[in-house]
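Order of the sequence lines fixes the chain letters, A, B, ..., with proteins taken first and strands second; residue numbering starts at 1 for each chain. These numbers were taken from a predicted model, which means no experiment stands behind them.
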Amino acid sequence: MLLDTPRGMDDLLPREMALKRRIEDVIREVFKLYGYLEVETPTVEYYELFALKSGEEIRERMFDFIDKGGRRVVLRPEVTASIARLVASKLKAMPPPLRLGYIADCYRYDEPQWGRRRRFWQGGFELIGSKDPLADAEILEVSYEVFSRIGLRDQYFKVGHVGIFREILKSYRVNEKIQDRILTLLDRKMIVEAFDLMRKNGVDEDGVKVIENLMKLEGTDLRKISIDASNILSPWKEAYRDLEDLCEIIDLAREGGVESKMVVSLGLARGLEYYTGFIFEQSVPDLRIALNGGGRYDNLIELFGGNPTPAVGCAIGITRIMQYILEKKAEETPTPSRPRILLTGVADVSKRYVMKVARILRGMGFGVEVEVLSRKLPSAIEYALKSGMKFMIIVGRREEAEEKISIRDLELRRQVELPLSDEEKIMEALTGVERV
RNA sequence: GCCGCGGUGAGGUAGCGGUUAGCCUUCCGGCCUGUGGAGCCGGAUGCCUGGGUUCGAAUCCCAGCCGCGGCCCCA
């Protein structure tokens, strides 16, 4: 108990931390490349922020508690709601469009299993204020860019558009709540139940048939799917417009360099209820779960009391990507960076001289670890080799007396003795070590 | 929240009613008081927790915890 972390919450060891940092660095590079300004919001938010637009299901899966002041608060299960809150309040005065990015830890009270932790990190891109397909395409692009830079070359997308089904259902006056439920059923492949619910809410057989036929349209041949779909959709003008919208998004993303496989799936739906249009998931072939997901949410900001503001975004599952790389692509896991120079004092050299040498070397930008276990030289060398050091700086009485240091190249097994004041020579001797 | 499988030193594992709980890696010390990853010798840490059955439990039973997988849901 004392030595356990709470269920589903992980310690990140140096190796894992190095990997997480690499992924975060990539995400931040892409923030810069596309103009996303990074923000940070509190891990703890008021319960209402998330309760507003999520069903019973999500509510039960939140870390939910009462603080000492009697306020009901939660650990955020995702960040988009916080971003919408920001846009509806503090960033109201910023001229649109807004491009916001975040990297944040999120919490869900789920049963842990592969790819699902109670604490996990998401990296998000939110493009707020535009309803142009250019914006949706940009989200696909940044997703593609992040995955490519991480090295997930076999990435693919699944893209869909919840607007198409919503428009058809709307034409039968099915209200939004019921629409949500039908979409959820379709997403879970509970087709029969979905159709029953549709019939119960006034959708005639034509409507059911249309949805049924659209569900069958899934594949990579965008042209064929759009022709087939447009035939089916001809009586539904708004739905047809959504289809065109989807095609344009894909076309623009392709033009923007998204080369990976894209599966168009008109039956695709997603768990979060706030999606209103284009939606997508991104993953790799040997996983069943998504590593990134997102879509358009044009009503959320207004719901939070902001001006009606269209928005589109995605949330990259950093923790899932980490687990994938750690387990499936172990060779690509980076090693934590650590100094490659060990400074060892021998015999009765003064500790003050050791400190002085360390200070000067670090002043030159070299990362230096100081031997602090009073190891004798042979075992210090053994330790240095085992720890991947490239150089050892050895200082003893002899060196101290002449203000010198001995630099031993552990790979070439060569050693030179240099005056501590001769920075140029020291630099030369230590070539191959990255400076901080 | 539900269902199934599992938990042996730091890591990987053998044992599956009576063993001194074995092996590999790691770690520490010595050989070796200013120069090489070796070798040899020695040493350290363990049966998830709590109950029960039994003369006797790592081993069987129950509960919890943790892990893995599935449902649900999701990144």
Need one value for [X]: base, sugar-phosphate or nothing, where a base atom within 4.0 Å counts as base even if backbone is also close, heavy atoms only.
X        : result
A/Gly8   : sugar-phosphate
A/Trp121 : nothing
A/Gln113 : base

Name the pairs: protein N/O against N/O of nucleotides 27-34 of chain B, kept only if under 3.5 Å.
from, atom 1, to, atom 2, distance (Å)
B/rG34, O6, A/Arg397, N, 3.1
B/rG34, O6, A/Arg398, N, 3.3
B/rG34, N1, A/Glu399, OE1, 3.1
B/rG34, N2, A/Arg398, NH2, 3.3
B/rG34, N2, A/Glu399, OE2, 2.9

If [N] has a Watson-Crick or G-U wobble mate with both distances under 3.5 Å, name it; if not, just say none.
N      : result
B/rC32 : none
B/rG9  : none
B/rU54 : none

Check: Do the side chain of A/Arg117 and the base of B/rC74 come within less than 3.5 angstrom through a donor-acceptor pair of N or O atoms?
Finding: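 Counting by modelled atom types and ignoring angles, no donor-acceptor contact under 3.5 Å is found here.
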Check: Quick one: the side chain of A/Arg108 and the base of B/rA75, do they pair up donor-acceptor inside 3.5 Å?
Finding: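 Checked by distance alone, the answer is yes.
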Where along [range] does a heavy atom come under 4.0 Å from RNA chain B, residue by residue in number order?
range                       : result
residues 153-160 of chain A : none
residues 20-36 of chain A   : none
residues 309-324 of chain A : A/Ala315, A/Arg320

Next item on the list: Could you walk me through whether A/Val346 and A/Val395 pass the side-chain contact (heavy atoms from CB on, under 4.5 Å) test, one step at a time?
Entry: CA-CA 6 Å; A/Val346 296; A/Val395 293; over 6 Å; no
Check: [X] side chain, [Y] main-chain N or O, donor-acceptor pair, under 3.5 Å:
X        : Y        : result
A/Ser130 : A/Asp132 : yes
A/Arg166 : A/Ala239 : no
A/Arg153 : A/Ser148 : yes
A/Glu371 : A/Leu373 : yes

Ring pair (Phe, Tyr, Trp, His ring centres under 6.0 Å) partners for [X], two or more places apart:
X        : result
A/Phe278 : A/Phe280
A/Tyr46  : none
A/Phe63  : A/Tyr109

Checklist line | Listed partners of A/Lys261 passing side-chain contact (heavy atoms from CB on, under 4.5 Å), at least two apart | finding: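 A/Lys261 satisfies side-chain contact (heavy atoms from CB on, under 4.5 Å) with A/Tyr156, A/Thr220, A/Val263 only.
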Check: Closest nucleotide of RNA chain B for A/Pro6 versus for A/Ala384: which of these residues is on the 5' side?
Finding: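 This one resolves to A/Ala384.
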Notebook entry, point to check: Mapping A/Ala290 and A/Tyr109 onto RNA chain B by nearest heavy atom, which one lands closer to the 5' end?
Noted result: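 The answer here is A/Tyr109.
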Item checked: Residue pairs, two or more places apart or on separate chains, that pass side chain to side chain donor-acceptor pair (under 3.5 Å) and touch residues 282-297 of chain A ->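 For residues 282-297 of chain A, and leaving out neighbouring residues, the side chain to side chain donor-acceptor pair (under 3.5 Å) pairs sorted by first residue read A/Glu126-A/Tyr297, A/Asp136-A/Arg296, A/Ser143-A/Asn292, A/Gln155-A/Gln282, A/Gln282-A/Asn292, A/Asp286-A/Tyr324, A/Arg296-A/Asp298.
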Margin query: Filter on side chain to side chain donor-acceptor pair (under 3.5 Å), then keep only pairs touching residues 343-364 of chain A, sequence neighbours left out; what's left?
Written below: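 Sorted pair list: A/Asp348-A/Arg397, A/Ser350-A/Glu400, A/Lys356-A/Glu403.
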Note to self: Do the side chains of A/Glu16 and A/Lys20 get close enough for a salt bridge, i.e. N-O under 4.0 angstrom?
What the structure shows: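 No, A/Glu16 and A/Lys20 are not salt-bridged.
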Notebook entry, point to check: Are A/Arg117 and A/Asp10 within salt-bridge range, i.e. N to O under 4.0 Å?
Noted result: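 Yes, this pair counts.
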Check: Is the number of heavy atoms from other residues, nucleotides or ligands under 6.0 Å of A/Glu434 CD greater than 12?
Finding: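 12 or below, so no.
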Margin query: Is it true that, when you exclude A/Arg21 itself, more than 12 heavy atoms of the residues, nucleotides or ligands shown sit nearer than 6.0 Å to its CZ?
Written below: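 No, the 6.0 Å shell around CZ holds no more than 12 heavy atoms from other groups.
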Margin query: According to ring pair (Phe, Tyr, Trp, His ring centres under 6.0 Å), does anything in residues 14-34 of chain A pair up with another residue at least two apart or in another chain? List the pairs.
Written below: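 Found A/Phe31-A/Phe125.
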Note to self: Determine whether the aromatic ring of A/Phe120 stacks with the base of B/rA75, defined as ring centroids separated by less than 5.5 Å and ring planes inclined by less than 30°.
What the structure shows: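 Base of B/rA75: stacked against A/Phe120.
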Are there any protein N/O atoms within less than 3.5 Å of an N/O atom in nucleotides 41-46 of chain B, and if so, which ones and at what distance?
none

Note to self: Within 45 degrees of the ring normal and closer than 6.0 Å to the centroid, is that where the cationic atom of A/Arg72 sits relative to A/Tyr47?
What the structure shows: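 Yes; both conditions hold, so A/Arg72 lies above the ring face of A/Tyr47.
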Notebook entry, point to check: Within the pair A/Arg7 and B/rC65, is there a side-chain N or O less than 4.0 Å away from OP1 or OP2?
Noted result: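 Result: no.
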